[in-house]
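Positions are given from 1 along the sequence. Worth knowing before you read on, the calculation uses all heavy atoms, side chains too, and leaves out hydrogens, waters and symmetry mates. Since the model is a prediction, treat every value here as computed from it, not as a measurement.
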Amino acid sequence: MFLSVFDLFKIGIGPSSSHTMGPMTAARRFLDEILAGDWPRPAGVKVDRIGASLHGSLAYTGIGHGSDRAVILGLAGELPQTVDPDEADGIVARIGAEKRISPPGHPSYRFDPAKDLVLDRKTPLTGHANGMAFYAYDASDRLLLKRIYYSIGGGFVVSEEELQRMKAKGSVTTEGKKVPYPFKNAVEMLAMAAKSGLSIAEMKRANEEKHMSREELDAGLDAIWSAMKGCIDRGLSQDGVMPGGLKVRRRARQLHDKLQEQWQQNRPNPLLANDWLSIYAMAVNEENAAGGRVVTAPTNGAAGTLPAVLRYWLHFHPEADQPSIRDFLLTAAAVGGIIKSNASISGAEVGCQGEVGSASAMAAAGLCAVMGGTPEQVENAAEIALEHHLGMTCDPVGGLVQVPCIERNALGAVKAVTAASLAIKGDGTHFVPLDAAIETMRQTGLDMNEKYKETSLGGLAVNVVEC
């Protein structure tokens with residue numbers, strides 16, 4: 001079993017990995033299928049019109065999460081990792097006015113977003129809460145091709161057939177990749193660490209280097225942190241009201257300025273570390289809410305927790321260096337891969353315990369590792385952080401990744417640091433195994449009412465009056 005660090009940490013745009021990056025990727029994938037032509041159609045008949053429908057959570061919160069916008073961008077030929085956030089609105093506006101798309105390498109197709117992009121709240125697709133369908137028609141509007149895709153969290157997109165194969169295997173895996181340390185759960189991870197004498201980061205590095213050079217891996221890890229750091233810095237430099245209609249103001253810059261002032265005046269502040277953690281996390285998630293460039297960690301909705309903890313490590317620990325950043329990310333990815341393979345990181349599937357809960361566990365593991373923790377202590381740190389997010393619902397007000405998501409990332413970062421600190425002071429022995437916490441999260445997600453799973457039909461989403 002192998003999920004690469006680059007499967008979990010994807011560079012893309014906000015506000016949502018499953019609702020923005022996933023639909024954009026699916027739309028682009030549909031274009032590729034049209035171009036490949038590996039599907040039956042009458043001789044001489046060409047695709048003339050494209051359509052799409054969003055279902056389940058994508059339909060309920062699609063507008064707030066920018067899913068409709070993401071589909072349009074994907075059909076324009078854009079990809080999450082390369083689209084220019086500053087150009088996106090112009091692309092969407094042009095297609096809306098012209099009622100046509102002209103993706104690179106394709107002829108021009110008819111596509112009127114007002115008619116050809118449907119948010120279908122009445123017809124759920126059975127494979128996953130984040131389902132979408134794409135359609136290709138000829139000039140007489142006869143259906144030529146239909147494809148169903150699912151956005152399963154963290155920017156991962158699978159076809160209907162791929163999802164069925166994954167369910168048959170009982171896990172989400174990257175097939176066909178052999179690695180020296182193929183741990184599929186925490187028990188196996190600890191056993192392999194004990195037998196090999198390697199740290200979790202060293203085992204994860206060995207797995208990655210089976211498929212790429214050390215130089216490529218380190219360059220990729222450095223690029224991930226550079227994107228995370230850039231997102232923090234941009235978030236700390238911006239102010240104003242975030243888009244979407246809730247009129248929520250950015251706060252990270254103002255709070256950052258106040259902290260800087262206190263820092264320079266050398267005022268005693270026993271909550272200083274927590275304050276910096278919170279501001280770093282909020283900066284990322286405010287940037288995400290505004291549609292900026294972020295890194296899934298493991299999702300966009302939880303994108304601020306892990307970067308905040310890593311920035312805290314660099315800020316408050318003088319021993320922090322570049323190799324420790326890489327070890328942090330590798331350790332976090334190892335834990336994130338176990339969570340994704342055995343439960344879920346999708347808020348639409350298991351609630352926010354799968355997003356911020358997973359992010360906090362990953363960050364706690366990474367921090368514990370770079371603080372000198374043993375594999376057992378690292379596993380303990382991840383378990384503490386995840387256990388204390390169990391049952392957390394996903395109830396975004398207005399379908400926007402703003403309330404309660406931004407502050408929730410800040411508290412996830414605080415929990416991660418606390419979990420790492422508690423674990424590092426013990427010997428790794430603890431009562432609840434990480435695997436048990438992950439399985440509990442999976443079962444809790446199955447039992448959770450759908451209105452608390454990224455549909456904005458319950459919780460804060462219906463009890464807070466939108467202004």
Side-chain angles (χ1 to χ4, degrees), residues 16-41 45-80 92 95-96 99-101 103 106 109-167 172 346-349 399 450 453-456:
S16 171
S17 49
S18 58
H19 287 61
T20 305
M21 292 172 61
M24 193 186 306
T25 301
R28 176 63 181 268
R29 183 169 171 179
F30 183 66
L31 290 177
D32 292 342
E33 291 205 42
I34 291 175
L35 207 58
D38 297 332
W39 44 278
R41 56 179 160 172
V45 175
K46 297 180 179 179
V47 175
D48 184 74
R49 180 168 73 90
I50 301 293
S53 56
L54 303 178
H55 302 259
S57 177
L58 293 179
Y60 281 110
T61 62
I63 299 298
H65 283 75
S67 302
D68 53 340
R69 178 175 178 266
V71 168
I72 297 169
L73 290 170
L75 290 176
E78 300 290 347
L79 285 171
V92 172
I95 291 173
K99 298 178 175 53
R100 300 194 72 86
I101 54 172
H106 290 254
Y109 303 120
R110 286 185 292 140
F111 177 74
D112 181 357
K115 298 178 180 179
D116 296 321
L117 178 54
V118 177
L119 274 69
D120 186 349
R121 298 183 178 184
K122 297 181 179 179
T123 315
L125 299 179
T126 58
H128 189 278
N130 291 331
M132 64 200 105
F134 291 85
Y135 314 86
Y137 304 90
D138 65 10
S140 60
D141 286 334
R142 176 176 48 174
L143 181 64
L144 300 176
L145 177 65
K146 176 183 177 180
R147 288 288 185 265
I148 292 175
Y149 304 97
Y150 295 100
S151 182
I152 60 174
F156 287 84
V157 171
V158 294
S159 68
E160 193 167 33
E161 297 75 18
E162 289 167 343
L163 184 66
Q164 293 306 315
R165 288 199 298 270
M166 290 188 330
K167 288 185 175 181
V172 180
S346 169
E349 194 169 19
E450 292 299 315
K453 294 194 283 189
E454 211 168 4
T455 58
S456 289

Could you pull out the closest heavy-atom pair between [X] and [Y], with the gap in Å?
| X | Y | value |
| --- | --- | --- |
| Pro23 | Ser67 | CB-O, 4.3 Å |
| Ile34 | Ala136 | CD1-CB, 4.2 Å |
| Pro103 | Leu31 | CB-CD1, 3.7 Å |
| Arg29 | Val157 | NH1-O, 3.7 Å |
| Phe111 | Ile101 | CD2-CG2, 3.8 Å |
| Ala26 | Met132 | CB-SD, 3.6 Å |

Decide yes or no for [X] and [Y]: does some side-chain heavy atom of the first lie under 4.5 Å from some side-chain heavy atom of the second?
| X | Y | answer |
| --- | --- | --- |
| Leu145 | Arg41 | no |
| Leu119 | Ile63 | yes |
| His106 | Leu75 | no |
| Arg28 | Pro80 | no |
| Ile95 | Pro113 | yes |
| Ser346 | His128 | yes |
| Arg147 | Trp39 | yes |
| Glu349 | Ser18 | no |

query: Any donor-acceptor pair under 3.5 Å linking the side chain of Lys146 with the backbone of Tyr135?
result: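 No, the answer is negative, given that no donor and acceptor are paired below the 3.5 Å cut-off.
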Thr61 side chain to Gly64 backbone, donor-acceptor under 3.5 Å: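 No, because the side chain of Thr61 does not come within donor-acceptor range (under 3.5 Å) of the backbone of Gly64.
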Nearest 0.5 Å, what's the [atom1]-[atom2] distance between [X] and [Y]?
| X | Y | atom1 | atom2 | answer |
| --- | --- | --- | --- | --- |
| Leu73 | Met21 | CG | CE | 13.0 Å |
| His19 | Tyr60 | NE2 | OH | 12.0 Å |
| Arg69 | Thr20 | CZ | OG1 | 8.0 Å |
| Gln164 | Thr126 | CD | OG1 | 7.0 Å |
| Arg100 | Asp112 | CZ | CG | 11.0 Å |
| His65 | Ser17 | NE2 | OG | 9.0 Å |

query: Which one of Leu35, Ile50, Val71 satisfies the side chain to side chain contact (heavy atoms under 4.5 Å, CB included) criterion with Phe30?
result: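 Only one of Leu35, Ile50, Val71 forms a side chain to side chain contact (heavy atoms under 4.5 Å, CB included) with Phe30, namely Ile50.
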message: By the definition side chain to side chain contact (heavy atoms under 4.5 Å, CB included), identify the one residue from Arg165, Glu161, Met166 that meets it with Leu163.
response: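 Passing option: Met166.
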Polar side chain donor-acceptor pair, Thr25 to Tyr149, under 3.5 angstrom: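 No - no donor-acceptor pair under 3.5 Å links their side chains.
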task: Check the pair Lys453, Ser57 against side-chain contact (heavy atoms from CB on, under 4.5 Å), reporting the backbone distance first and the verdict last.
output: CA-CA 8 Å; Lys453 294 194 283 189; Ser57 177; over 6 Å; no
Candidate pair Arg142 and Val45, rule side-chain contact (heavy atoms from CB on, under 4.5 Å), full reasoning: CA-CA 10 Å; Arg142 176 176 48 174; Val45 175; 3.7 Å; yes
- request: May I have the step-by-step check of side-chain contact (heavy atoms from CB on, under 4.5 Å) for Glu454 and Ser16, ending in yes or no?
  value: CA-CA 11 Å; Glu454 211 168 4; Ser16 171; 4.3 Å; yes
